[in-house]
Structure formats: C-alpha cells, structure tokens
Amino acid sequence: MSESLLACPPRAFLGVERSVLGRPWRGRLDAAGEACALAIAQIHGTGDLLSRILAGRGVTPDTAQDYLDPTLRNLLPDPFSLKGMQAAACRIAEAVECRERIAIFGDYDVDGAAPSALLYDYLRSCGTPCVIYIPDRIFEGYGPNTEAIQTLARDGAKLLITVDCGTASHVPLSEAARLGLDPIVLDHHQAPEILPKAIVVNPNRQDDLSGLGQLCAAGVVFMTLVAVQRCLRDRGFFSPARPPPDLLAGLDLVALATIADVAPLTGLNRAFVAKGLALMHARERPGLKILLDIAGLVGPPTPYHLGFLIGPRINAGGRIGDAALGAKLLTLADPLEARQIAEDLDRLNRERQELERATLNAAEAEVLAGPSLENSAAIVVAGEGWHPGIAGLIASRLKEKFRRPAFAIAFDMNAIGTGSGRSISGVDLGRVVRAAVDAGILAKGGGHAMAAGITLARERLGDFRGFLEANLAAPVAAARSGETLLIDAALTAAGANPALLAGIARGGPYGTSNPEPVFALPAHRLVDVVDVGNGHVRLRAEAGDGSKIDGIAFRAAAEPLGQALHAARGTTVHLAGTLAADRFGGRDRMQLRLLDFAPAS
C-alpha cells in the first residue's frame, strides 16, 4: 500500500458533511487503520467489527490480546514507583502496627467518598481505629481546614490521611503537623511546585516520574494499600490467625470512582474498571446493591450506569445534603441501615435535579443575553444565591450545549464566589486555573485537565473572564476546529442485536479515552418521536426491510437535536449513536442512544 494512500484522510461517512448539529461525519479508521484492523482480525480471529473497533482505539496486532483481557497481574506497576510512596506506606504500616487512631479526610464527591471507604475498610480489617471526615461543601469548602484538623487531633487521631485533596493545603497541613497529627496526602490533582509539609503521594506532582497521572484518587489509594500490605507482610504483621485483607474486594469502589471522575479508561484504569464491574455485578456490597436496585438496574452494571445512575446519587449528599452520607453508605455491612441512607441519597438526588433545572435555566439565559459566543473561548456564568453544590453540574451542561469550556460560580452574601469548571477534550482546564491562582486572580483553584474548582472575589470576575479568553483562545479554537463525529461502522436495525452487543463488549469497558463504538444507521425512517421523562426524546426508526429499533436522545427535548427530531418525524434519515441493552420494565431489547442525525438525501 502506497504512502499517499495511507495518508489519505477519511471521506465523509454516508456523505454527511454537516449533520443537524453542524458536524461532519467521518469513519474512525483511515487507510492505515483499516490495514491494522485487517491484521488484528487475521491474527486473533476477532471478526471484522471488533477488529475495527480495536484498531480505532490504537490497539495493534501485538497489543490486542492483552487489550482484550486487561489484568492487574500484567498492568499493575510497582506502587513504590510513585514519589513519596515508600514514606507513606511505612508510616501507615507503623500506625496499623501500633493501633494508632487514623483520621481519613476525604473530598465530598464520589472520588472522595469511594477511596475514603476503601481505605477505611482496609484499616478496620487490620484492627486499626479510624474515622472518616468529609467536610461540608457550603460551610467548610474543598480540602482540609484548620478547624476540622484541630477537632480530629482533640479526638485522639495521630495520623491524618487526606484523600482526593490536600496537595495545595499548606496552612491546614502545617497545623496538623504542629498538633502532632502526621499528614499524608493521597491525591491526583495537578500540583503546585511547592508542596505542603506532608508526605504527598500524587502522580501529578511535578517531580513524580511514575507515569501514573491518569489515576483518580481511588486508584492512588489502591496503589497505596498494595504498598502498605507489602510493608505489613515484611514486618510479620500477618499470620494464619490474622490474614491480610483481600485487596481485590475493593475494586468495585475503585471502578466507581474511576468512572465518576471521568478518568481515562486505558491501561491500568481499564483493568480496574473491568474487574470492579464484575465484582459489582455480584452485589456483595450492601450500599451499592441497594443503590443499583433503587436505580432500577437488573442486569450487569456498565460504566454508563456508574456515571449516570449511581455516581449522581452518591454525590447528592455532598452537593445539597450531608456530605458524609456517600462514604458512610459504602462502608456499611447492615442492609437495613444501608437502605435508609440509600433512600435518603435518592431523595436528595431528586431535589438536586429540580434545583439544577431552575439554575440551568437562569445560567443559559445569562449566556444567551451576553456577548456573541462566536468568538468566545469559554463561558463564565455567575449568580447570587446559586447553590455551590450544583455549580459543576451547571458547568457541565453548558459545556455540552455550547461546546466550549464553561464555569459556573455561586456568589455568597460576602461577594465570595465558589465555582466549578468543565472542559472539552484537548483543553487543559486545571493548568489554566493554576496559572490564574499564580497570577493572583483566583483566591484558590485546582483540578485536572477536564475539571477544576475555583474561589474568587466578585471584583475579580471580569479579570478571570479576560484571563480565560487570553489563555484558552488558541487551544479551544484548535479543539473545536477538529470537531467531527467519528463512526466505527454502519448497520441496520436488524443488525443491532444482543449478539452484536456481546461481541463489541469484549473491547470494553468503554469511557473516556476508550470511547463507546458509534454506529451509523443509514436511511431509516423516523416513525415515532415523543418527549419523555425529564427532557428526553424517545424515537423509533424503521429500516427498509421493516426491522425497527427504539432510540433515546438524552436531555434533548429543548435542544436543537430534539427539535430537529420532531421536525424530521416521518422522513428518512441517517442516525448515529451508541448501542445499549434496554432492560427497563423487564424488557430486553436493543436501544440506540442517539448522538446525531442527518437527512438521508
């Protein structure tokens, strides 16, 4: 095959140069990718479709076998490759041996609650007295604070472990050390050059060479427990009468946090999630079992269920209720107590949804009333009295709708704003936020590439907007210029069946950096379109051979996609989306989760 042919860009898929959402469709594979898919199929016997999916995600014939069976045995690195791990593991092992009281200070989101519960379970299994402390989002804010640390010290804690926070908490951790409360930080957020006076284990600290920066906090905690277990074994702590805890039993929590924190599903993370989902399917953790029941899930859990059904419920306590509920639920062995907390979280989640809808309407109105979005690199909305617990959700919705980074900021009566930002692929938000802190524009700020949290004074809001425009214009323009919908393959309604779904599942679990396969359904007639639920649009499409498929466009009723669907009812269109099993109400059928469509002309 000639070099010119291999370099040829892919043509418009089904001839779609501009969909109803204004995007061109392209085949995910270029000529080189097609050749790679063919080689995978011939060497590994994976079939044409799965081979194309693998090749489209960077898998080669040499790596295909390991990719199809991601195992911790092959992918788990030496935990001591993380900077600071030797000191952290030895200090925790010492505390376990001496039965020192350990305080776990976690963040109030899923990637704080789940690893806090993971660490708590391990320490309790070793007979170590410990307590989880989750700060109140409104009254205490993000990360460790001096008052809470003083309380933990008075209660007898000798070791403080911060989880998913602490990397930039200089003053509170200095206070912990002054009180004799040895501080250890287990975090993954982008780190400043100067770290606090603590043992900091964070793969994103600037002097860490482990290459594990993709881990969420739960992944860092799991790696730490592997190291602690090794230290305890070397010290002769375990015996036939006191066997070591089963580390693998906590992978359901690692999987949950990895998905909820939108960490890349590649390498080690993908192995964590694959094993964690299998463990979760057994439903042996009472809190998760009851949440799955409440969410109506009857089949095997998937990343979608964790990200959109389970994660939001655990987060609800930290957003608008008791921040400690999520972590407590995940540690409970009593199913009756777990049910009570799970039901409380479900109720709080419904309240959160109502609050989110009202705030989102105000935020969107502010965006549309402001300057033209055409030349804006980022969206920044702010409101007096907005609930800071839903700022991240508002930012996420705005990012999805307007396809650029977005911040939502809630100002209190003292004109201090607490906000969250969400980014688009290819734009590193955490880096820009840290730069705004260094420039004195933000009082506090941190995060990672796709999400960040900030604190600023009202009078600096304009400066922050200007800083974002100056620093994000180029990367946002580059990211948006490459916006296309990548299609893995075409099929008809008849071809969307359980056997196909089972086949492509071998390439999963799918998520960030390992995207779900996107299928195009050519020339299907929209026979039914109706609004359902909380702003969703349900559709039914019919192929030329008479076969039909149901579909759903989430949160699309008031959006251009939903409006275009209603206008196209009865016409023949090309549909594009992902496939899932719809088991709601005892049914078992295929469902197309619609991403886009285009007229079939």
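What's counted below: heavy atoms across the whole structure, side chains too, no hydrogens, waters or symmetry copies. Everything quoted here is computed from the prediction, not taken from an experiment.
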**Prompt:** Where is the tightest heavy-atom contact between G250 and L279, given as atom of each residue plus distance?
**Reply:** N-CD2, 4.5 Å
**Asked** What is the distance from atom CG of L325 to atom CG of L348, rounded to the nearest 0.5 Å?
**Response** 7.0 Å
**Prompt:** Does R465 come within less than 4.0 Å of E469, counting only side-chain N to carboxylate O?
**Reply:** no
**Prompt:** Within a strict 4.5 Å, meaning less than it, do heavy atoms of the R242 and C126 side chains meet?
**Reply:** no
**Side chains of T60 and T63 in contact at under 4.5 Å (non-hydrogen atoms)** = yes
**Asked** Can you tell me if D412 uses its side chain to pair, donor with acceptor, with the backbone of I416 under 3.5 Å?
**Response** yes
**Fill in**
Those residues at least two apart in sequence (or on a different chain) that pass side-chain hydrogen bond (donor to acceptor under 3.5 Å, both in side chains) with D62 are none
**Message:** Run the side-chain hydrogen bond (donor to acceptor under 3.5 Å, both in side chains) test on N204 and Q190 for me, step by step, so that the C-alpha distance in whole Å, both residues' side-chain angles and the decisive distance to 0.1 Å come before the verdict.
**Reply:** CA-CA 5 Å; N204 287 304; Q190 291 182 353; over 6 Å; no
**Complete:** Sorted by chain and residue number, the salt bridge (charged side-chain N to carboxylate O under 4.0 Å, His left out) partners of R101 (sequence neighbours excluded) come out as none
**Message:** Using the side-chain hydrogen bond (donor to acceptor under 3.5 Å, both in side chains) criterion, which residues pair with R73? Sequence neighbours excluded.
**Reply:** none
**Message:** Once salt bridge (charged side-chain N to carboxylate O under 4.0 Å, His left out) is applied, what residue pairs with a partner in residues 213-230 remain, sequence neighbours excluded?
**Reply:** D78-R230
**Request:** Flag the pair R422 and E400 as a salt bridge only when some basic side-chain nitrogen lies within less than 4.0 angstrom of an acidic carboxylate oxygen.
**Result:** no
**Prompt:** Is the number of heavy atoms from other residues, nucleotides or ligands within 6.0 Å of CZ (R480) greater than 12?
**Reply:** yes
**Selection residues 312-321 - residue pairs positive for salt bridge (charged side-chain N to carboxylate O under 4.0 Å, His left out), sequence neighbours left out** = R313-D346
**Nearest atoms (heavy-atom pairs only) where P172 meets T146** = CA-OG1, 4.0 Å
**Item:** D121 with R124: basic N within carboxylate O range, under 4.0 Å
**Value:** no
**Asked** Do R404 and K399 come within less than 4.5 Å of each other through their side chains, counting heavy atoms only?
**Response** no
**Message:** How about CZ on F308, more than 12 heavy atoms from neighbouring residues, nucleotides or ligands closer than 6.0 Å, or not?
**Reply:** no
**Request:** Examine Y304 together with Y510 and report whether their ring centres are nearer than 6.0 Å.
**Result:** no
**Message:** Do the side chains of K158 and D182 get close enough for a salt bridge, i.e. N-O under 4.0 angstrom?
**Reply:** no
**Request:** Just jot down the side-chain hydrogen bond (donor to acceptor under 3.5 Å, both in side chains) partners of T167, sequence neighbours excluded, or say none.
**Result:** D187, N202
